[in-house]
Amino acid sequence: QVQLVDTGGGLVQAGDSLRLSCTASGRTFSVSAMGWFRQAPGKEREFVSAITWSGGVTYYGDSVKGRFTVSRDNAKNAMYLQMHSLKVEDTAIYYCAASDRRLIGDWPYATAGFYNFWGQGTQVTVSS
């Protein structure tokens, strides 16, 4: 099992920046990839970003490309999401996720079901 704790959410104004953190514990050696998803009230869970654990290859959802940057620190078993130029529509609960499944070819990095471990979520609210 892998336990995830995501932190760093808060209330900011449009145009501000915010950095989310996700710390993993447990069987972290089994993690192949980690990701960020978000869910706004009344909406489905949306893919935000993902990163492969060994090679650090990154992926982004179209709505955050150019504004958000995902990174990881293997030594600290941590993943980060640096968010810039925040918009009101970025308001959501942000969840970090991890997968211990093998990454083969075009692996489904944007599919929530590929990730089998989830953090508790951290609220990000962007005011206008």
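The basis for the numbers below is simple: all heavy atoms, side chains too, and nothing from hydrogens, waters or symmetry mates. Fair warning: this is a prediction, and the values are worked out from it, not measured in the lab.
Within the 6.0 Å centre-distance limit, the rings of Trp118 and Phe37 are counted as a close aromatic pair. Centroid-to-centroid, the aromatic rings of Phe47 and Tyr60 stay 6.0 Å apart or farther.
Residue Glu89 places its CD atom among more than 12 non-hydrogen atoms of other residues, nucleotides or ligands, all under 6.0 Å distant.
One side chain, Tyr59 or Trp107, offers a donor N or O that lies under 3.5 Å from an acceptor on the other. Of the N and O atoms on the side chains of Ser71 and Arg19, not one donor lies less than 3.5 Å from an acceptor on the other residue. In summary, the side chains of Gln3 and Thr23 do not present any donor paired with an acceptor at a separation below 3.5 Å, with no hydrogens or angles considered.
Rounded to the nearest 0.5 Å, atoms CH2 (Trp36) and SG (Cys96) are 5.0 Å apart. Atoms SG and CG, from Cys22 and Leu4 in turn, are 4.5 Å apart once rounded to the nearest 0.5 Å.
Between the Thr122 side chain and the Thr7 main chain, no donor and acceptor come within less than 3.5 Å of each other. Side chain of Arg101 to backbone of Phe114: a donor-acceptor contact under 3.5 angstrom is found. For the pair Gln39 (side chain) and Ala92 (backbone), a donor-acceptor distance under 3.5 Å is absent.
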Query raised in the report: Which is it for Ser63 and Arg38 under the side chain to side chain donor-acceptor pair (under 3.5 Å) test, yes or no, and what are the steps along the way?
Result: CA-CA 12 Å; Ser63 61; Arg38 66 186 183 186; 3.2 Å; yes

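Between Lys87 and Asp90, none of the side-chain N atoms (NZ, or NE/NH1/NH2) sits under 4.0 Å from a carboxylate O, so this pair counts as no salt bridge.
Side-chain contact between Arg27 and Asp100 is absent, with no heavy atoms from C-beta onward closer than 4.5 Å.
For the pair Val126 and Thr91, the tightest heavy-atom approach, listed with the atom from each and the gap, is N-OG1, 2.9 Å. Here the shortest heavy-atom pairing between Leu18 and Gly10 reads CD2-N, 3.9 Å.
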